[in-house]
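By convention in this document, chain letters (A, B, ...) are assigned in the order of the sequence lines, proteins followed by strands, and residues within each chain are numbered from 1.
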Number of protein chains: 2
Amino acid sequence: MARRSDHSREELTQLTLSAARGIVEREGLRALTARAVAREIGYSVGTIYNLYDNIDDLIVHLAANVLDDLHAAMVPLPGGDVEDTLIGLARRYLAFTRANQRLWNVLFEHSRDADGELPEWYFDRIGALMGLIEELLCPLYGPDHAIERARSARVLWAGVHGIAMLAATGRLANITAEGVDAMVEDLVHHYVKGVREASGGAVRVENFST
Amino acid sequence: MARRSDHSREELTQLTLSAARGIVEREGLRALTARAVAREIGYSVGTIYNLYDNIDDLIVHLAANVLDDLHAAMVPLPGGDVEDTLIGLARRYLAFTRANQRLWNVLFEHSRDADGELPEWYFDRIGALMGLIEELLCPLYGPDHAIERARSARVLWAGVHGIAMLAATGRLANITAEGVDAMVEDLVHHYVKGVREASGGAVRVENFST
DNA sequence: ACTTTTTATTGAACATCGTTCAGAATTATA
DNA sequence: TATAATTCTGAACGATGTTCAATAAAAAGT
């Protein structure tokens with residue numbers, strides 16, 4: 001019934017987010033209730049609503065947090081071949097989903113806002129991830145094909161995401177872990193080959209230097 | 001407080017499912033509560049639990065129902081070119097997601113069963129859809145490459161699904177409806193081209209007949 | 001130093017949810 | 001007709017998201 005100075009407002013919002021994260025990691029999104037978070041941080045329910053608009057708001061912040069981690073886990077080592085680097089990226093995406101299953105589920109299990117749109121800073125995160133791929137695709141397209149390149153980045157992202165999602169939620173029937181890896185490699189391999197083929201034949205770039 | 005003979009058990013299960021479907025169509029999955037369904041069919045809450053184990057069970061049945069409709073909307077006209085037929089399929093998939101947004105969302109918004117596995121008859125539905133694509137892919141692979149063909153079917157399915165999902169839930173940033181169409185076509189086009197290229201060069205089948 | 005204002009924190013309260021189950025009423029069986 | 005099996009109800013339980021008057025501490029004003 002009183003004011004405390006155990007934490008600043010910022011500390012408290014961070015503390016709440018960490019608690020939420022812990023709960024999801026341990027027990028899944030369904031266990032993420034306002035009361036559970038309050039209990040975990042040693043404050044009362046009302047305090048949560050003093051920091052976040054509602055539970056969905058908290059979930060979106062958690063999702064953004066997860067996207068940050070995903071980004072950090074994916075920033076690419078600048079390698080040689082486009083295809084190999086892309087497959088490396090995809091592999092790390094899959095590794096992330098496996099190492100953080102419950103957290104990763106948060107990313108698409110929270111469309112429950114009904115008609116409520118996601119905030120812009122959330123899209124910024126997604127855009128950043130997309131940028132990662134777009135940059136890798138540069139060698140595949142001339143500098144005057146930015147639109148196609150952006151589209152390819154989105155297609156690849158969505159493709160890998162789709163595979164990971166259907167696999168993780170068991171909606172793919174008879175798919176093992178290695179099966180998922182094979183699928184992702186198959187996607188990247190054939191798609192990249194198709195793009196290369198479309199834009200001027202199989203032999204390319206290497207020949208220009210001599 | 002009494003027994004009624006307004007409907008047989010089968011009629012009642014069907015009635016419940018239809019009511020559930022109507023509620024989701026009109027107000028989304030979040031409005032699908034046991035009490036709402038009971039109200040709609042003119043029975044009490046308990047009756048729902050006499051027909052379905054729990055709400056998740058009802059949702060899974062609804063999802064299977066939607067999968068049936070999706071299947072019906074996608075059975076392909078046997079056309080000529082593989083790529084064109086595939087794109088036609090993908091287009092109809094997208095059309096379905098747009099025409100039945102809220103229903104379609106049910107398909108992947110109900111992974112909340114936690115560790116509860118989905119029933120086999122649910123996978124049968126998915127398998128049937130996959131079979132649709134697999135069959136279309138036959139001309140791309142020799143009859144002795146069933147595994148690769150099955151994998152390609154899954155990859156394409158997951159890809160289209162991923163695109164549709166990210167687009168529908170607004171998790172793709174700056175994507176219009178035409179953008180989605182373009183993405184799906186891009187995916188199918190380049191992927192198929194890549195597969196063709198991989199399995200024996202650009203010129204194929206047509207030359208064998210003469 | 002004091003008063004006043006602003007801010008943080010609580011927890012009881014409300015409506016709603018999924019789910020259970022004893023009992024009442026009807027149909028089926030003996 | 002008597003007994004068993006079934007269907008249906010709705011009150012009840014615990015838990016949820018969310019609100020808000022009341023409270024007390026901190027900050028600002030004098």
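Side-chain N/O atoms of Asp57(B) and His61(B) include a donor and acceptor closer than 3.5 Å.
Look at Thr47(B) and you'll find a side-chain N or O under 4.0 angstrom from OP1 or OP2 of dT9(D). Within the 4.0 Å cut-off from OP1 or OP2 of dT9(D), at least one side-chain nitrogen or oxygen of Arg4(B) is found. Dashed line: the shortest gap from a side-chain N or O of Ser5(A) to OP1 or OP2 of dA26(D) is under 4.0 Å.
The residues Glu185(A) and Arg91(A) are annotated as salt-bridged, a charged nitrogen and a carboxylate oxygen being separated by less than 4.0 angstrom. A salt bridge links Asp56(B) to Arg30(A): at least one charged side-chain nitrogen sits closer than 4.0 Å to a carboxylate oxygen.
Atom CD in Glu27(A) sits roughly 14 Å away from atom P in dA15(D) (whole-Å rounding). As a whole-Å value, the separation of Asp6(B) CG from dT6(D) P is 20 Å. Counting to the nearest Å, the C1' atom of dT6(D) and the CG atom of Leu12(B) are 13 Å from each other. What separates CD of Glu10(B) from C1' of dT7(D) is a distance of 14 Å, to the nearest Å. Protein atom NE2 of His7(B) is 18 Å distant from nucleotide atom P of dT26(C), rounded to whole Å. With rounding to whole Å, Asp57(B) atom CG is found 14 Å from dG18(C) atom P.
Under the 3.5 Å distance criterion, the side-chain polar atoms of Arg92(B) are matched with a main-chain donor or acceptor of Val75(B).
Ring geometry for Tyr43(A) versus His7(A): interplanar angle of 30 to 60°, hence tilted. Taking the six-membered ring where the residue is Trp, His161(B) and Trp157(B) present parallel rings, their angle staying beneath 30° rather than reaching 60°.
Across all strands shown, Asn50(B) has no heavy atoms under 4.0 Å from either base or sugar-phosphate atoms. Leu51(A) comes within contact range of no nucleotide atom at all, as no heavy-atom separation falls under 4.0 Å.
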Give me the distances for all protein-to-nucleotides 16-20 of chain D N/O pairs that come in under 3.5 Å?
from, atom 1, to, atom 2, distance (Å)
dG17(D), OP2, Ala34(A), N, 3.1
dG17(D), N7, Arg35(A), NH1, 2.7
dG17(D), O6, Arg35(A), NH2, 2.9
dT18(D), OP2, Tyr49(A), OH, 2.9
dT18(D), OP2, Ile55(A), N, 2.9
dT18(D), O4, Arg35(A), NH2, 3.4

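Taking CG of Leu62(A) as the reference point, atom CG of Leu103(A) lies at 6.5 Å (rounded to 0.5 Å).
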